[in-house]
Amino acid sequence: MSLVMDILTICAVSAGALFFLAGTVGLLRFPDTLTRLHALTKVDNLGLGLIVLGLLPQTSSVLFAVKLVFVWLLVQLSGAVVTQLIAGAVRHHGADG
Amino acid sequence: MSIASVFDVALVALILTIGASAILVRTAFAAVVMFVVYGLLLSMAWVRLHAVDVALTEAAIGGGMTGLLLLGAVARSRSVNVDSVRVGYPLRLAAGALCALVAAGLAVAIFYPPAPVPTLAPMVMENLPPSGLGNPVAGVLFVFRALDTLLEKVVLLLALLGVWSLAPDHAWGGTPGLQVYARPDPTLIFLAQLLPPVGIVFGIYMCWVGAKDPGGAFQGGTVLAAMWLLVIVAGLQKAPAIGRLWLRVLLVTGPVLFLAIGLAGWVFADAFLAYPAGYAKPLIVAVEAALTLSIAVALGMLAAGPPVRAQQQ
Amino acid sequence: MPAATALEATTADGALLVRAIILPVVGILLSFVLGGRYAERIAAFLLPAGLCVACIVFLKIWQSETSLSYIVGNWKPPLGITLRADGLSVAMMVAMAIVICLIGVFAHANFDSRVASVETRAPMVFWVMLMAISGAMNMIFFGGDLFTLYVALELLTFAAVPLVCLDGRAETLQAALRYLLFALLGSILYLVGTALLYGSYGTLDIVLMSQRVQIEPATLAAATLMTVGLFAKTALFPLHLWLPPAHAGAPAAASAVLSAVVVKGSFFLVVRLWFDAMPGLLSVAASQFIGVLGASAIICGNIVALRQKRLKLLIAYSTVAQIGYLFLMFPLAADPLHLQYGDVLTGGMLQAISHATAKAAMFMAAGLVYAALGHDQISELGGIARALPMTMFAFGLGGLCLIGLPPTGGFLAKWLLLEATIATEQWWWAIVIVAGGLLTSAYVFIVLSRAMGPPSAPLILRAAVPKYQEVAALGLALLSVLLGLVALGPIDVLQVGRPEAPMAWLR
Amino acid sequence: MNAATLFGLCGAALVGIGLYGLITNPEPLRKILAFNLLGSGVFLLFGIIARRAAAAGLGGDPVPQAMVITAIVVAFAATAMAIALVQRLGDETGQASISSDSSETGEEKS
């Protein structure tokens, strides 16, 4: 059982890390603010989500697992809001940033 | 090399790169962004150094709050043409040599630790149980070196008064200028309505858990301050006028309680800042709770800056 | 610092030390709640109370000839913090308390918090910061732990910087910013030192440190960085650039506090560091280097002061020079023969105290002149001595003390230093001391002769000067003159708790 | 070389970098940022001194860790005050440079 869990962890965390890598490359290489935001949100959503998912089997208690999920949810919330704000700023002032 | 040391080397390399670029990049805005990233990386370093308390403080205050202040300042300051006032090349070379010398001196000092490394950890653990605290860092802050902690609260108050003192005379007693950024943005308002309840619970939890696990008044207070600032920036609530009595009372509640308990120790435990046997933990928790509130208000007002508008009566 | 035996327990009357620190803290907290309108009344009560405590501590130590200590929270070092008062600390404490009280009297005219019906900015800030400075200074004098001293140093900085720019003009803001940056650099360098010292010895307690300290790379790096940091805060040449604009731009009462009191805090820490925490670590070469910096400060500060056109700037540059004298005690006291060690330390402290009284008096006098004339151009001071005789008399007396004419405190201080130069056969410092005195007398007499000369145009006083302000200035000036008489009595107190020639056992 | 020494060297290097920025950068805001960087390097030194003194089942000596927490708060207070000063100065003069002789400030430290 623990072997299955470990494999799940390794797969999910690796996939998450891959998304982080891709997102970072996107942040650096994409041409303008909006497309960069697009790359970033993928990191927040999927990358962190997969890492949290992968870590869940390794947790020792339910409380700890709940904390991990909370971390993901909070990042989701702040990420979504900040993306909205930046996108709004771009629309108002033009994409010079 | 183990995975951990590869991680450490990579982390150090990243910290140094980002740190150096925060100094060297051309625009102030980019520098501040680099600095915020740097603060987060640094708190990882603190975790690696087994100092979770410090990691939390560094992330909350060193990276977060300082970053917020710097970002606000960059946004408000007029753009400065950097090249016109650039320091001359020979001088930079000399400064570079001096700084390299200092860094090298420190490196040498680090490289040769004393043969038995002196430590107070056993002594702290030995003397911690009577206080009822489980977190040794909290023990040092509130039991063994309580005087430092008390004085540091006064430092915070003085810094706040110092910031306020930079207001124009007519604005004294008025409200800080934080609303300058406030745009009635529906998304931000949404966040400011949703997050604070969670954040407040989290801040109180941080303060409460500080007695036995990493966390404490500073970390909890910073989270509360951040929530408060969010609400103000979103325009849901106005920054309070600095002359308000409730604000002043909140600011001093923590230090006053701390001082009062310290003085009570004089009577009941025969030394200033000593806790009577058996009552240490509840007293410390009470002090921490009051301090959390005072720190939250002080940090929030420090970040909000000096008053700019006279209070409307 | 007292010897190891004093470590064991809180001494009788040790609680007085806690009282001296708590009083200003209570004042600050009360002022926040009650509001700025009460700040002055609170200060008017607490600052004299602090002076009383200081006098009691002084008398106890003078009579019992032992130092006091208090173990905070009953946690002995290295875990806890001990407050200690020896001869050096009480002498400085009493002097600073007197100066602060008289500055408070003087400042009543400018920062009366009761004139307005609501809290106003400048009085609130000034009185709270004045109390904070008195608390921070006491903490610096008593702190027995290097990290506590760091917090005290920061307390002092945060209280001092806002005083520089109380009037909110662009020049003073700039001066305050520069002061703040220098001060922050200074404290962070000091902090590096404490980190390294803790790493080497596992304690920051000064007495424990003095027993464990030895010459090794980390300690030398720590000592160097801390000293440079404290030099920046004390404005020792060549780190003095922040001082003249900051001290000259501030309101008169604030200038007096900054010049007379605040710079002495970091100076006192340098003394603590080298003579108490790390006795014997100061090598001859290093002490000669510090002496060279001090001598350069004396010469450069005085020459630049001579060329100033504004009175307040002249006084500020003279502070730069007088700070130089303070550091001459290092080469003299660190002499391998250490014949005059105790006398040199006494001379240095006496110089700090007499400069505090004299300089406060001179800044107050300059402030009154500025208030009366609306400017402080030295070339247009003609007739002011007739209009404000008491003020100019105070200025002159302060000047005499700076020059070092008998029987002033400045004379006694410089005499002790001169004696030490002869006893330790370091005649070159004697030349500097004498030359500095001559240069000082040149600019004091220039100012006085202008002030006594005829006015170029009929003198119109813009504002009447309150009598009590003149009396406060004169009181301080008289104190600086009479300080020379302490040679007859309480000067011995400075030696209380001082181990015999601490260098001896290392060499 | 163990992890503590590695982070210690990192701290030493950060002190150097921060000091360089503090001396050479003419913009006050950047000086404040450099001061923070310098400060964090110093804190890191405390951190490794705590770490290498690990004993009694703790990951580090709690005394220097507690000192760092105090120092971080003090540094934040200093930053807030400095930034408020810079902004007021900017409001008064319309520009934010520490003055024409910022080069002197560097000179004397070198």
Side-chain angles (χ1 to χ4, degrees), chain B residues 8 12 15-16 19-20 23 28 31 35 42 45-46 49-51 53-54 57-58 61-62 65-66 69-70 73 76-78 80 85 87 91-92 94-96 98-100 102-103 106-107 110 113 117 119-122 124-125 136-137 140-141 148 152 155-156 159 162-163 166 218 302 305-306, chain D residues 3 5-10 12-17 19-21 23-24 26-27 29-30 33-34 36-37 40 44 47-48 50-53 55-56 58-63 65-66 68-70 72-74 76-77 79-81 83-88 90 95-97 103 106-107 109-110:
Chain B
D8 284 343
V12 165
I15 287 177
L16 288 180
I23 296 295
F35 181 76
L42 207 62
W46 281 105
L49 287 169
H50 294 246
D53 283 280
V54 185
T57 315
E58 172 65 38
I61 298 182
M65 275 286 184
T66 308
L69 269 180
L70 287 167
R76 259 192 281 183
S77 74
R78 294 150 186 80
V80 179
V85 278
V87 175
L91 198 70
R92 268 187 290 162
L98 173 77
C99 298
V102 171
L106 287 175
I110 299 291
V117 177
T119 176
L120 288 180
V124 169
M125 291 318 276
V137 176
V140 175
L141 281 174
D148 285 352
E152 181 227 342
V155 169
L156 213 53
V163 168
L166 293 163
F218 294 118
L302 272 176
Chain D
T5 315
L6 179 69
F7 283 109
L9 295 183
C10 176
L14 285 174
V15 170
I17 294 172
L19 199 58
Y20 178 79
I23 295 174
T24 58
E27 264 180 277
L29 212 57
R30 302 287 297 270
L33 193 150
N36 272 291
L37 206 79
S40 62
L44 215 50
I48 71 109
R51 176 71 185 120
R52 77 184 186 199
L58 295 178
D61 187 348
V63 175
Q65 292 182 353
V68 173
I69 292 182
T70 303
I72 288 179
V73 178
V74 171
F76 171 75
T79 309
M81 193 143 122
I83 285 180
L85 249 175
V86 172
Q87 289 194 334
R88 180 75 202 279
Q95 54 110 28
S97 171
S103 54
E107 210 161 50
K109 283 174 210 150
S110 48

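In the text below, chain A, chain B and the rest are named by the order of the sequence lines, each starting its count at 1. Model, not experiment: these values are computed from the prediction. The analysis underlying the following values was restricted to heavy atoms, covering all of them including side chains, and did not include hydrogens, waters or symmetry mates.
In this structure, Ile15(B) CD1 and Phe7(D) CZ are separated by 6.0 Å, a value rounded to the nearest 0.5 Å. In this structure, OG1 on Thr66(B) lies 8.0 Å from CD1 on Ile83(D), to the nearest 0.5 angstrom. Here the straight-line distance linking atom CD1 of Ile110(B) with atom CG of Leu9(D) works out to 7.5 Å at 0.5 Å rounding. To the nearest 0.5 Å, atoms CD1 (Ile69(D)) and CG (Leu141(B)) are separated by 5.5 Å. Rounding to the nearest 0.5 Å gives a distance of 4.0 Å between CG of Asn36(D) and CZ of Phe35(B).
Of the atoms belonging to Arg88(D), it is side-chain heavy atoms, and not backbone ones, that fall under 4.5 Å from chain B. There is no contact between Ala100(B) and chain D, counting heavy-atom distances below 4.5 Å. Using a 4.5 Å cut-off between heavy atoms, Val102(B) touches chain D through its side chain atoms alone. For Ala34(D), the parts sitting under 4.5 Å from any heavy atom of chain B are the backbone and the side chain alike. Of the two parts of Val63(D), the backbone and the side chain both hold a non-hydrogen atom closer than 4.5 Å to a non-hydrogen atom of chain B. For Leu166(B), the parts lying near chain D are the backbone and the side chain together; criterion is any non-hydrogen pair under 4.5 Å. Only the side chain of Pro306(B) comes within contact range of chain D, judged by heavy atoms closer than 4.5 Å. The contact between Met125(B) and chain D is made entirely by side chain atoms (from C-beta outward), counting heavy-atom distances below 4.5 Å.
Listed here is the closest heavy atom pair of Leu29(D) and Ala73(B): CD1-CB, 3.6 Å. Residues Glu27(D) and Ala28(B) approach most closely at OE2-CB, 4.0 Å, considering heavy atoms. Smallest separation of non-hydrogen atoms from Val140(B) and Ala66(D): CG1-CB, 3.5 Å. Pairing each heavy atom of Ala103(B) with each of Ala13(D), the nearest pair is CB-CA, 4.4 Å. In terms of heavy-atom proximity, Ala51(B) sits nearest to Gln65(D) at CB-NE2, 3.4 Å. Minimum interatomic distance between Leu16(B) and Cys10(D) (heavy atoms only, all atoms of both residues): CD2-O, 3.9 Å.
Counting heavy-atom pairs closer than 4.5 Å to chain D, the top-ranked of the candidates Leu70(B), Leu156(B), Val155(B), Val124(B) is Leu70(B). When each of Gly21(D), Gly47(D), Gly60(D) is checked for heavy-atom pairs under 4.5 Å with chain B, Gly47(D) comes out on top. For the options Val74(D), Val73(D), Val15(D), heavy-atom pairs under 4.5 Å to chain B are most numerous at Val73(D). Residue with the most contacts toward chain D among Asp148(B), Ile61(B), Leu120(B), Leu302(B): Leu120(B) (heavy-atom pairs, distance under 4.5 Å). Between chain B and the options Ala77(D), Pro62(D), Gly16(D), the largest number of non-hydrogen pairs under 4.5 Å is found for Pro62(D).
Annotation: side chain of Leu44(D) is in contact with side chain of Trp46(B) (closest heavy-atom distance under 4.5 Å). Side-chain contact between Leu91(B) and Ile23(D) is absent, with no heavy-atom pair separated by less than 4.5 Å.
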(request) Take Ile72(D) and Val54(B) through the test side chain to side chain contact (heavy atoms under 4.5 Å, CB included) and record every step on the way to the result. (result) CA-CA 9 Å; Ile72(D) 288 179; Val54(B) 185; 4.1 Å; yes
